[in-house]
2 protein chains.
Amino acid sequence: MNIGEIARLAGVSRSTVSYALSGKRPISPETRARIQAVIDELDYQPSAAARALSSGRTRTLGLVFPPAGSHYTDMQLDFIGSLVEAAAGFGYDVLLAAAAAAAGDGRQGLRRLVAERRVDGAVLMEIRLDDARVDHLAAAGFPFVTIGRVGAPERTRWVDLDYTALVGSCVSHLAQLGHRRIALVNRSERLFRAGYESAHRSLTGFQDACAEHGVIGTAHLCGDDAASGEDAIDRILAADPGTTALVTVNEAALGGLYRGLAAHGRRIPRDFSVAGIAAGRWAAAVTPQLTAADVPAVEMGRVAVELLLELLATPDAPPRHFLLNPPVSLRASTGPAPAPADVAG
Amino acid sequence: MNIGEIARLAGVSRSTVSYALSGKRPISPETRARIQAVIDELDYQPSAAARALSSGRTRTLGLVFPPAGSHYTDMQLDFIGSLVEAAAGFGYDVLLAAAAAAAGDGRQGLRRLVAERRVDGAVLMEIRLDDARVDHLAAAGFPFVTIGRVGAPERTRWVDLDYTALVGSCVSHLAQLGHRRIALVNRSERLFRAGYESAHRSLTGFQDACAEHGVIGTAHLCGDDAASGEDAIDRILAADPGTTALVTVNEAALGGLYRGLAAHGRRIPRDFSVAGIAAGRWAAAVTPQLTAADVPAVEMGRVAVELLLELLATPDAPPRHFLLNPPVSLRASTGPAPAPADVAG
DNA sequence: CGATCAAATCGAACCGGTTCGACTGCGGGT
DNA sequence: ACCCGCAGTCGAACCGGTTCGATTTGATCG
């Protein structure tokens, strides 16, 4: 069951077996065949721990997983699934690090994975503009990539959605349909305060696009759940009853947004248009189907793994980035702005 | 950075450091303090690989993750999140195994994790009544627990929802509201054929409950996406236009179900009632909010970890099981059966 | 025909922990 | 005064791989 056993049965030394498996030194075809036969018969697999100890590489990647009880978006799920698959394609496994539920957790998940040398590299999601985890890994010289990016992104590897541009595209789409008073439904105040990059970049993109198209835009923070979505609609219509469209980057609140609009008698898309950023499969599952920039989550996961493995292979190569800008898919939730008379005051 | 370095700086032998850390032999308080001081100063963490190699235990659990591109339910996500958290609470990490995307994959994910001794135990979800993975692990004597159970569940450890009883509760709820013709929207034909246990037990529970309450029940398979949901409604109303309620165990299709009912002019809950089994947070996010048995996913993840660690600690203890039967939460999608005249033929 | 070199293989050291057996003092029982 | 046992510590072996240097053999070249 260990390499010595294989060597004995094949009548060679342990090192010969090792070289036959790794190919790092030439082995004669006959010897190689004999070794392979023994391995096949015994269904031998080298111990990952022994291999990691001697080679110094674990063939494992770390991934920080958002804590349970928080709302997972379809986007995040697809990231994780595609990360695992892409990593498996390269012979790597993925180890999950619990995001510190309590802030001052001490033996924080990711930190421990790194200190115990359980992983060769790490993938971080849910990035903040000023992120302690990123600073820590960068300071330690530990290989990592991020899904999302930090404030000063030139020095790190990442793949990100261009939230600024995507929200801009949504605003542009709505403006072209004639909407003149548009709201933004952003992420929660807590996340915004914490510096979540997508929330901040969404706001910037919204403000810029509204200015560019000469529309009146009001931005609203909104918790990640249905009830907060209903509440957000109340606030939006109270602040400006003439609002006829909104852009949402908050997948989790959408059900509440729809419900809130229905409660105020605004039919979608006849009286009110909704556009957003969401996983395509999910946008097609809600009623009405959401006009949205479809997040290519699977591609993002794959790219993240490729970037990380590239970093592991050639640590000195200059950092690469991918800023994705998927097009807005037209579905059933947006339509022409209602004539002013149609809008109840 | 290694244990020898710590030993040298503390002026003791390597074994003494090891015993100080593990507590497996008495160490004088002074020596212990001296060692701890050095460890704290250097921020030393023992190498996981070395520890695993010599101790034979990795302090890692394996989890088979459903492939990307399939639809993840909120339930599954919450399982995973709570598994990671519960495991972290016991000092264990979670390693994801890609479920073999192609069936004859060869070096299948979980199998490799076990053969390479990367994990101490495994958690399996998406269980089939006759599951090759379960058979393989059981034959190999490898510790595992399942979320969901196999056909002959007495010999394994698992935590499961009592789908039979839950679907029965939904039927009972609808019957009490006066519905007499009820449909079941089950999982996809592919999954049913593959022997997914929840799909089979749901069907049994549905048939039994319908017989018990004297209602006419028709069961329908339905793919895991919105379009299939719409299609299912077409089939249900074509098969029996007098149907006034349905029970769904297919979270992913619900959006399509709602849309299909709307397309047929059936308003919820006035003309048609919908009950189901779903993650509570999700059931509250859709419109109308779904009357459903709320899956205690977080609890299930925690229980799975506890069962597995119990198995690792005492391999000979008799298997324990948890069959959960959460109550049906009343929400907005069910109501009294319409008077027969109200139902359009 | 001897020097040179590459292919093929072996033995030993090493990675960084854990654990077992042995050794040293020292206090208690008789 | 002597033996026993235990607290406390050390040295060495071991876990199962990888990798380096050395050795043997056979082919190539001048």
[X]: salt bridge (charged side-chain N to carboxylate O under 4.0 Å, His left out) partners, not counting sequence neighbours:
X	result
Arg155(A)	none
Arg320(A)	Glu310(A)
Arg8(A)	Glu5(A)
Arg34(B)	none

Could you state the [atom1]-[atom2] distance from [X] to [N], rounded to the nearest angstrom?
X	N	atom1	atom2	result
Arg118(A)	dG16(C)	CZ	P	17 Å
Glu116(B)	dT18(D)	CD	C1'	16 Å
Ile3(A)	dT19(D)	CD1	P	11 Å
Met1(A)	dG17(D)	CE	C1'	15 Å
Ile6(B)	dG16(C)	CD1	P	12 Å
Gln45(B)	dG16(C)	CD	C1'	14 Å

Under the ring-ring contact (aromatic ring centres under 6.0 Å, His included) test, which residues partner His321(B), sequence neighbours left out?
Trp158(B)
Would you mind listing every ring pair (Phe, Tyr, Trp, His ring centres under 6.0 Å) that reaches into residues 128-153 of chain A, with sequence neighbours excluded?
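Output for this query is empty, none listed.
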Could you pull out the protein-nucleic contacts involving nucleotides 8-11 of chain D (nitrogen or oxygen on both sides, under 3.5 Å)?
residue : atom : partner  : partner atom : Å
dT9(D)  : OP1  : Ser28(B) : OG           : 3.1
dT9(D)  : OP1  : Thr31(B) : OG1          : 2.4
dT9(D)  : OP2  : Ser28(B) : N            : 2.9
dT9(D)  : OP2  : Ser28(B) : OG           : 3.4
dT9(D)  : OP2  : Thr31(B) : OG1          : 3.4
dT9(D)  : O4   : Arg25(B) : NH1          : 2.8
dC10(D) : OP2  : Ser13(B) : N            : 2.8
dC10(D) : OP2  : Ser13(B) : OG           : 3.2
dC10(D) : OP2  : Thr16(B) : OG1          : 2.5
dG11(D) : O6   : Ser15(B) : OG           : 3.1

Taking five pairs at each end of the helix from dC1(C)-dG30(D) to dT30(C)-dA1(D), what angle separates the two helix axes (nearest 10°)?
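Terminal axis comparison yields 40°.
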Tell me which donor-acceptor pairs under 3.5 Å the side chains of residues 47-54 of chain A have, and how far apart each pair is, sequence neighbours excluded?
residue  : atom : partner  : partner atom : Å
Ser47(A) : OG   : Ala49(A) : N            : 3.3
Ser47(A) : OG   : Ala50(A) : N            : 3.1
Ser54(A) : OG   : Ala50(A) : O            : 3.2

Is there a side-chain polar atom (N or O) of Lys24(B) under 4.0 Å from OP1 or OP2 of dT19(C)?
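Yes.
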Phosphate OP1/OP2 of dG17(C) contacted by Tyr44(B) side-chain N/O (<4.0 Å)
yes
Name each donor-acceptor pair under 3.5 Å that joins a side chain in residues 299-308 of chain A to protein atoms two or more places apart or in another chain, with its distance.
residue   : atom : partner   : partner atom : Å
Arg302(A) : NH1  : Glu306(A) : OE2          : 3.3

May I ask you to say what Ser47(B) touches in the nucleic acid, namely base, sugar-phosphate or nothing, with a heavy-atom cut-off under 4.0 Å?
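Touches sugar-phosphate only.
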Heavy-atom contacts under 4.0 Å between residues 50-60 of chain B and DNA chain D, which residues?
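Those residues are Leu53(B), Ser54(B).
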With the side chain counted from C-beta on, respond yes when Val114(B) and Leu110(B) share a heavy-atom pair under 4.5 Å apart, and no when they do not.
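Counting from C-beta outward, Val114(B) and Leu110(B) do come under 4.5 Å.
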What do the steps show when you test Arg59(B) against Asp120(B) for salt bridge (Lys or Arg N to Asp or Glu O under 4.0 Å), and what is the final call?
CA-CA 6 Å; Arg59(B) 296 193 76 79; Asp120(B) 295 339; over 6 Å; no
Could you tell me which residues satisfy side chain to side chain contact (heavy atoms under 4.5 Å, CB included) with Arg128(B), sequence neighbours excluded, listed by chain and number?
Asp131(B), Ala194(B), Tyr196(B)
